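See structure below.
Indexing begins at 1, ligand by ligand and atom by atom, following the structure's order. None of the values given here were measured: they were computed from a predicted structure. Note that these values count all heavy atoms, side chains included, but never hydrogens, waters or copies made by symmetry.
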Amino acid sequence: MLNYEKIFAERTRLMKASEIRQLLKWVSKGNVISFGGGMPDPKLFPKEEIAKITYQIISEQGEKALQYGPTEGIEIFRKEIFNFMHKENIKVKDADHIIVTSGSQQGLDILGRILIDPGDVIIIELPTYLAAINAFKIYEPKLIGIPVDEEGIKTDILEKKVAELIRNGEKIKFIYTIPTCQNPTGLSMSLDRRKHLLEIASKYDLLVVEDDPYSYFLYEPVKVTPLVTLDNEDRVLYVSTFSKILSPGLRLGWIAGEKQIIEKISIAKQSMDLCTSTLTQYIAAEALRQGVIERHIPKVREVYRKKRDTMLKALEEYMPEGCRWARPIGGMFILAWTPEKIDTKKMLLKCIKKYKVAYVPGQSFYVDGSGTNTMRLNFTYPTVEQIDKGIQYLSEAIKEELQSS
Ligand SMILES: Cc1ncc(COP(=O)(O)O)c(C=O)c1O
């Protein structure tokens, strides 16, 4: 047999299969309540509308919708995204400043591809979205984590770190942030911090990548202004997705920003997949045009608000002393801290096997290896009943772990 190990490229050593993913595979087999993935509630997908639109698209525009399309995305879809962003108060110059991607995950990978040379510095939040860390890592940057608190990334620490890095001759390529309902903490950046972050970016002439899948799901009457809207210097690149506002199965995301970078992204994307699925672009464009997404978001928001509240109430009711958690204003996740002596990664297998409940250990989101006592809890996928039961089981597991350690 061919020695496959010998033929893999060096860079594959930087690609690690997540052990957590392996563990979470068990979840689908056993009767386990999962707070693990970041999945939307599948019962809420607007299935009938999507089925009707798909039939209509294929019968009326099948010759175009089943054909290859332009790399940057089909024109009507980019125009609909432009209108959508406009209504949501997300600044964008025109449809030409938007490129459609195969999920926002592809967008993150392309940004790594076009921006990162080995040894460049990328500033990220501590903790941050694991798959962004993995996407960037392949291009061999130095990933520098800046802590997050209830007001988002700590910009005072950020400013000192940026100054220090520049003094040491480091090349900072961009700051990657999820300012609203962050993954994994669920926390959002305050307006003052947003302004401060942009001031720092301006002072040191840095690009900011704003990843924003969750700002459409705020469960409280608060106003959140995206960084891209506050930015007057065209230094924010806005990344978002249809995965949460419509369906992740369509694999549609987009990037909006300066034309020069959009063009470079388009060239890189050509060799990756030629174009994003034309068919799903037509479907989503029509869903936007017919107001399906506009009607869908508030419905989903109501259900998710109830689920968030159920999880917060259950945490309050069942969690043992010494545990704490962040209260998110929206999004899909709650990050919980157990007492220091608990290693949530070690505890996971027992939780799945004995207590029939799963979560994502927080450590993987911390690029410096800290966060060993944290866990990310998703509240959108499980049912309200499962949330209440699952948190009860989880609390029992933590209590047992505390007694045995
Ligand atoms: C912060 C963040 N960015 C990007 C993504 C990627 O999503 P998709 O590729 O489905 O658009 C996710 C998925 O959960 C996410 O949480």
Checklist entry - If you measure only the distance, is there a donor-acceptor pair under 3.5 Å linking the side chains of Asp41 and Tyr304? => result no
Item to check | Parallel, tilted or perpendicular: rings of Trp254 and Phe84 (30°, 60°) | outcome: perpendicular
Checklist entry - So, does Gly38 sit close enough to ligand 1 that a heavy atom of it is under 4.0 Å from the ligand? => result no
Checklist entry - Is the ring centre of Phe365 less than 6.0 Å from the ring centre of Phe333? => result no
Checklist entry - What protein heavy atom sits nearest atom 5 (C) of ligand 1, and how far off is it? => result Tyr129 OH, 3.3 Å
Checklist entry - Can an N or O of Lys244 be found at a distance shorter than 3.5 Å from an N or O of ligand 1? => result yes
Item to check | Atom indices of ligand 1, in the order listed, that fall short of 4.0 Å to a heavy atom of Ile178 | outcome: 1 (C)
Checklist entry - What do we get for Ser243 next to ligand 1 when only non-hydrogen atoms under 4.0 Å count, side chain, backbone, both or neither? => result side chain
Checklist entry - At their closest point, which heavy atom of Ala314 faces which heavy atom of Asp388, and how far apart are they? => result CB-OD1, 3.9 Å
Checklist entry - Mind checking whether Met319 and Leu394 have side chains closer than 4.5 Å, heavy atoms only? => result yes
Checklist entry - At under 4.0 Å between heavy atoms, which part of Tyr214 makes contact with ligand 1: side chain, backbone, both or neither? => result side chain
Checklist entry - Of the protein's non-hydrogen atoms, which lies at the shortest distance from atom 2 (C) of ligand 1, and what is that distance? => result Asp211 OD2, 3.4 Å
Checklist entry - Between Ile166 and Tyr204, is a side-chain contact (heavy atoms from CB on, under 4.5 Å) present by the stated rule, with each step listed? => result CA-CA 9 Å; Ile166 289 177; Tyr204 294 96; 3.4 Å; yes
Checklist entry - Does a donor on one side chain and an acceptor on the other come within less than 3.5 Å for Asp192 and Ser190? => result no
Next on the checklist: So if I count the atoms of ligand 1 from 1 in the order they appear, which ones are less than 4.0 Å from some heavy atom of Gly103?
Outcome noted: 9 (O), 11 (O)
Item to check | Nearest protein heavy atom with distance in Å, relative to atom 7 (O) of ligand 1 | outcome: Ser104 OG, 3.3 Å
Item to check | Close approach, Arg251 and ligand 1, non-hydrogen under 4.0 angstrom | outcome: yes
